[in-house]
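Just below is one structure, and these are the notes that go with it.
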Amino acid sequence: MSTSIKKASKNNNRKRFSDDQIKSLETTFETEARPELRLKQHLANKLGLQPRQVAIWFQNKRARSKSKQMEREYSILKSNYDKLALQFEALRKENQTLLIQVQRLRKMADKIDGEQNDNKNHIKLATSENPRFLVDINSHELCIPNDISRKADFLEEEADVLNMVQLAEGSLASPENGCSFDSCTFLDNTSNSPQWWDF
DNA sequence: TTGTGTTTTATTGCCTCC
DNA sequence: GGAGGCAATAAAACACAA
């Protein structure tokens with residue numbers, strides 16, 4: 001058989017199924033996506049089609065159904081991904097804000113350290129010049145004012161915070177090291193490093 | 001009317017199962 | 001080895017904007 005004759009025979013046979021035929025096939029597909037030969041033959045007789053046409057219709061229908069299912073699943077996955085990306089971005093910004101606060105606190109702490117050292121120098125100077133000061137120094141009332149004392153307590157608490165921050169700085173992906181949400185952490189399933197959402 | 005994109009029907013080739 | 005399923009593809013039928 002030549003190609004042209006083959007094409008011609010194809011052209012003559014092709015015909016879209018009627019609405020009723022489609023409806024009946026769809027109904028059957030809902031309960032039985034992979035019908036047995038007997039059911040296909042029964043449907044073919046009922047609808048005036050060749051059994052092969054029915055078989056092919058089910059095959060194509062399964063393919064369409066699978067494709068649509070994949071589209072739905074992709075849509076769900078994409079939606080979840082987008083939500084997570086937004087959450088990540090919010091957390092990243094919050095982290096940056098906290099790091100800036102920590103830097104300010106560090107500066108404050110350094111300043112207070114400097115003031116304390118100055119005070120100690122003043123005390124040394126005062127005791128060497130006037131022995132009467134010794135009594136007052138021992139009482140801690142005169143030379144260490146209340147606000148300085150409170151600052152010392154605060155410094156202990158801050159040291160804990162700083163330790164936590166240093167840990168966080170070490171473990172979190174930061175913009176400086178070139179790591180981004182898209183390329184490094186989220187999509188890298190091969191690395192053994194902790195996932196970003198685990199922090 | 002026509003060009004173009006989408007949907008539907010059909011074919012082909014390969015694979016798996018019995 | 002034959003039957004049936006699936007993926008890839010061809011080609012007809014259809015929808016629709018310009």
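Chain identifiers are assigned alphabetically (A, B, ...) following the order of the sequence lines, protein sequences preceding nucleic acid strands; residue numbering begins at 1 within each chain.
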Checklist entry - CD of A:E36: more than 12 outside heavy atoms within 6.0 angstrom? => result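 Counting other residues, nucleotides and ligands, CD of A:E36 stays at 12 neighbours or fewer.
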In this structure, how many angstroms lie between the [atom2] atom of [N] and the [atom1] atom of [X], rounded?
X	N	atom1	atom2	answer
A:F17	C:dA13	CZ	P	13 Å
A:D19	B:dT8	CG	C1'	13 Å
A:E71	B:dT7	CD	C1'	13 Å
A:R64	B:dT9	CZ	P	6 Å
A:Q41	C:dA3	CD	P	13 Å
A:L49	B:dT8	CG	P	16 Å
A:I56	C:dA10	CD1	C1'	13 Å

Checklist entry - Quick one: do A:D110 and A:R106 make a salt bridge, cutoff under 4.0 Å? => result no
Checklist entry - What class does the angle between the rings of A:F29 and A:F58 fall in, given that below 30° is parallel, 30 to 60° is tilted and above 60° is perpendicular? => result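 The rings of A:F29 and A:F58 sit tilted, inter-plane angle from 30° to 60°.
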Next on the checklist: Before you tell me yes or no, could you show the steps for A:F17 and A:Q53 under side-chain contact (heavy atoms from CB on, under 4.5 Å), namely the whole-Å CA-CA distance, both residues' side-chain angles and the distance that decides it to 0.1 Å?
Outcome noted: CA-CA 10 Å; A:F17 297 165; A:Q53 283 180 298; 3.8 Å; yes
Next on the checklist: Applying a 4.0 Å non-hydrogen cut-off, can you work out what A:L25 is touching in the nucleic acid: base, sugar-phosphate, or nothing?
Outcome noted: nothing
Checklist entry - Any side-chain heavy atom of A:L86 sitting closer than 4.5 Å to one from A:E89? => result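 Answer no - side chains too far apart.
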Item to check | Any A:Q53 side-chain N or O less than 4.0 Å from OP1/OP2 of B:dT9 | outcome: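 It does not, given that no N or O in the side chain of A:Q53 lies less than 4.0 Å from OP1 or OP2 of B:dT9.
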Checklist entry - Can a side chain N or O of A:W57 be found less than 4.0 Å away from OP1 or OP2 on B:dT9? => result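 It does, given that an N or O in the side chain of A:W57 lies less than 4.0 Å from OP1 or OP2 of B:dT9.
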Next on the checklist: Once salt bridge (Lys or Arg N to Asp or Glu O under 4.0 Å) is applied, do any residues pair with A:E26, and if so which ones, sequence neighbours excluded?
Outcome noted: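 Here the qualifying residues are A:K61.
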Checklist entry - Taking all non-hydrogen atoms of both residues, which atom of A:K40 and which atom of A:P35 are closest, and how far apart? => result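 The pair with the smallest heavy-atom distance is CE-O, 3.2 Å.
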For nucleotides 5-7 of chain C, give me every protein contact, N/O to N/O, under 3.5 Å, one pair per line with atom names.
from	atom 1	to	atom 2	distance (Å)
C:dG5	OP2	A:K40	NZ	3.2
C:dC6	OP1	A:R34	NE	3.4
C:dC6	OP1	A:R34	NH2	2.6
C:dC6	OP2	A:R62	NE	2.4
C:dC6	OP2	A:R62	NH2	2.9
C:dA7	OP1	A:K66	NZ	2.2

Next on the checklist: Would the base of C:dA13 count as contacting A:R14 through its side chain, where contact means a donor and an acceptor less than 3.5 Å apart?
Outcome noted: no
Next on the checklist: Is it the case that B:dT7 (base atoms only) and A:R16 (side chain only) share a donor and an acceptor within less than 3.5 Å, ignoring hydrogens and angles?
Outcome noted: yes
